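Along the sequence shown, residues carry numbers from 1. Everything numeric here is computed off the predicted structure, so don't read it as measured data.
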Amino acid sequence: MAMRILIACDKFKGSMSAAEACAAIASGVSADEVEVVQLPVADGGEGMSETICEARGGEWIEREVQDPLGRPVIAGYGWVAEDRLAIIEMSQASGLWRVADNERDPWRASTFGTGQLIANALDRGARELIIGLGGSATNDGGLGMAEALGCDLETAAIAPAIVAGGVRVTAACDVRNPLLGENGCTRIYGPQKGVDEADFAKHETRLQELVGRIENGSALAEVAGAGAAGGLGFGCLAFLGGELRPGFELIADSIGLEQAMSGVDLVITGEGSLDAQSLEGKAPSGVAAMARRLDKPVVAFAGVADELVGAVFDRVWQIKPAGVSTQESMARGAELLEAAAREAWFELRVLR
């Protein structure tokens with residue numbers, strides 16, 4: 001009977017997409033006696049929309065929207081027409097990567113462009129929105145998004161197109177920070193976006209005023225994850241009537257990961273760097289936890305791997321060869337990953 005393998009990798013950042021990493025491992029373990037299922041995964045950050053879109057047979061939609069500073073840019077989202085589902089990463093339009101270091105201006109930076117993508121999806125007939133929170137250049141609590149959706153900011157009225165249409169909104173959120181306070185978005189994440197310590201109070205006051213204009217705002221501001229993406233987590237709760245869910249959990253459900261895993265003999269996962277942070281809600285640790293629950297052996301490949309992650313997997317292979325620079329190994333990522341999988345094949349066969 002053929003051995004069945006599930007390959008569920010995240011991206012190797014700067015080297016390979018999740019899909020490319022899965023394909024490289026599949027090439028390395030290909031044999032007559034093997035059936036391989038490739039299912040790229042993500043954790044709610046960069047690559048989430050592509051991962052879900054590809055798994056669900058969707059298409060990529062691009063539109064001109066505003067970047068964090070109001071400049072026109074092309075941004076995209078995943079669209080699954082059959083399910084009327086839109087998958088939107090806020091970083092596509094409102095991400096920190098859109099702004100040069102010397103341009104960072106968190107007082108000006110807005111989530112308006114993310115709202116434009118949401119509005120486009122609603123115009124397309126979306127009945128469900130999955131919104132990835134992370135990598136933001138903003139600290140506006142979702143005000144810009146709300147404005148783009150036609151929200152009356154004087155009364156903080158929720159956009160009627162969303163509520164009246166009964167659209168389900170779920171935000172992928174991998175942090176548990178509230179909106180305000182010592183552990184809120186301003187103090188914890190503001191500095192990387194350009195918030196000076198001297199301006200903490202000013203930003204906090206703006207968010208407090210927003211909370212005060214929304215019914216049940218104080219309670220929503222305390223929800224774990226409300227501070228995600230510069231407070232866009234709060235915005236999804238307050239303006240979209242959404243819910244916040246851990247990114248990997250949401251994505252695993254969306255792509256049918258558990259169902260795919262239940263019918264295999266071995267699970268392979270990986271990402272560019274496996275370290276202590278990988279154990280905190282990242283995709284490979286989520287894959288490993290699910291595999292353990294289903295009593296499946298699980299191994300991992302990584303560009304570089306910390307000894308700490310060894311306890312999570314049955315085996316970990318680091319693909320970066322000794323004496324090869326990080327830059328070169330990233331450039332040769334697919335080649336090295338395929339070679340590592342091929343060399344590991346003898347050990348993998350006995351783990352079923």
Side-chain angles (χ1 to χ4, degrees), residues 6-22 25 38-56 77-78 85 87-92 94-97 114 129-136 170-177 188-189 192 224-225 227-230 232-233 236 242-258 260-261 267-293 298-306 308-309 312-313 316 333:
L6 171 65
I7 304 175
C9 285
D10 198 352
K11 64 185 175 299
F12 282 55
K13 191 169 184 178
S15 180
M16 293 170 280
S17 68
E20 290 168 339
C22 289
I25 293 174
Q38 298 180 50
L39 198 58
V41 295
D43 56 22
E46 181 185 352
M48 179 202 77
S49 51
E50 290 95 334
T51 296
I52 298 177
C53 185
E54 290 176 11
R56 300 276 286 266
Y77 64 91
L85 165 67
I87 314 104
I88 298 169
E89 291 176 31
M90 73 86 58
S91 63
Q92 270 284 319
S94 311
L96 190 60
W97 69 278
T114 296
L129 302 174
I130 294 176
I131 302 174
L133 305 182
S136 72
T170 311
C173 173
D174 285 319
V175 303
R176 298 189 58 79
N177 304 79
I188 301 301
Y189 303 109
Q192 69 191 36
L232 186 58
C236 288
E243 65 171 323
L244 306 182
R245 289 185 63 191
F248 175 76
E249 174 187 297
L250 191 159
I251 290 166
D253 285 351
S254 297
I255 66 177
L257 181 63
E258 183 166 345
M261 192 180 293
V267 178
I268 302 176
T269 187
E271 67 176 357
S273 177
L274 285 174
D275 52 25
Q277 188 178 8
S278 302
L279 308 182
E280 300 294 332
K282 296 297 184 180
S285 65
V287 170
M290 183 179 290
R292 296 299 187 204
R293 180 162 52 80
V298 56
V299 301
F301 291 88
V304 292
D306 191 296
L308 290 173
V309 304
V312 177
F313 307 96
V316 177

Apply side-chain contact (heavy atoms from CB on, under 4.5 Å) to residues Leu133 and Leu244 and explain how you reach the verdict.
CA-CA 10 Å; Leu133 305 182; Leu244 306 182; 4.3 Å; yes

Least distance between heavy atoms, Gly247 atom then Ala172 atom
CA-CB, 3.8 Å

Mind checking side-chain contact (heavy atoms from CB on, under 4.5 Å) for Ser15 and listing every partner two or more places apart, or none if nothing turns up?
Phe12, Met330

When you measure from the side chain of Arg292 to the backbone N and O of Val298, does any donor-acceptor pair fall under 3.5 Å?
no

Could you go through Phe313 and Val299, starting from their C-alpha distance and side-chain angles, then the distance that decides it, and tell me whether this counts as side-chain contact (heavy atoms from CB on, under 4.5 Å)?
CA-CA 5 Å; Phe313 307 96; Val299 301; 5.6 Å; no

Identify the heavy atoms of Met48 and Ile130 that sit nearest to each other, and give their distance.
CE-CG2, 4.0 Å

Tell me, please, which residues at least two apart from Ala8 pass side-chain contact (heavy atoms from CB on, under 4.5 Å).
Leu6, Val41, Leu257, Val287

Pairing residues for Ser136 by the side chain to side chain donor-acceptor pair (under 3.5 Å) criterion, not counting sequence neighbours:
Lys193

Closest heavy-atom pair and its distance - Ala283, Asp43:
N-CB, 3.6 Å

Considering residues at least two apart in sequence or located in another chain, which fulfil the salt bridge (Lys or Arg N to Asp or Glu O under 4.0 Å) criterion with Glu20?
none

Closest heavy-atom pair and its distance - Ala171, Cys236
CB-SG, 4.1 Å

Partners of Glu54 by salt bridge (Lys or Arg N to Asp or Glu O under 4.0 Å), sequence neighbours excluded?
none

Contacts of type salt bridge (Lys or Arg N to Asp or Glu O under 4.0 Å), residue Arg56, not counting sequence neighbours:
Asp83

Please identify each residue that fulfils side chain to side chain donor-acceptor pair (under 3.5 Å) with Gln192, with sequence neighbours left out.
none

For Asp306, what residues pass the salt bridge (Lys or Arg N to Asp or Glu O under 4.0 Å) criterion, not counting sequence neighbours?
none

In chain order, what residues pass the ring-ring contact (aromatic ring centres under 6.0 Å, His included) check against Phe301, with sequence neighbours excluded?
Trp317

To the nearest 0.5 Å, tell me how far Ile251 CD1 sits from Thr51 OG1.
6.5 Å

Looking at residues at least two apart in the chain, or sitting in another chain, which of them share a side chain to side chain donor-acceptor pair (under 3.5 Å) with Ser49?
Glu89

Taking Asn177 for its side chain and Gly227 for its backbone only, find out whether a donor-acceptor pair lies under 3.5 Å.
no

So which heavy atom on Cys22 is nearest to which on Ile7, and how close?
SG-O, 3.6 Å

Pairing residues for Arg176 by the side chain to side chain donor-acceptor pair (under 3.5 Å) criterion, not counting sequence neighbours:
none

Any side-chain heavy atom of Val267 sitting closer than 4.5 Å to one from Met290?
no

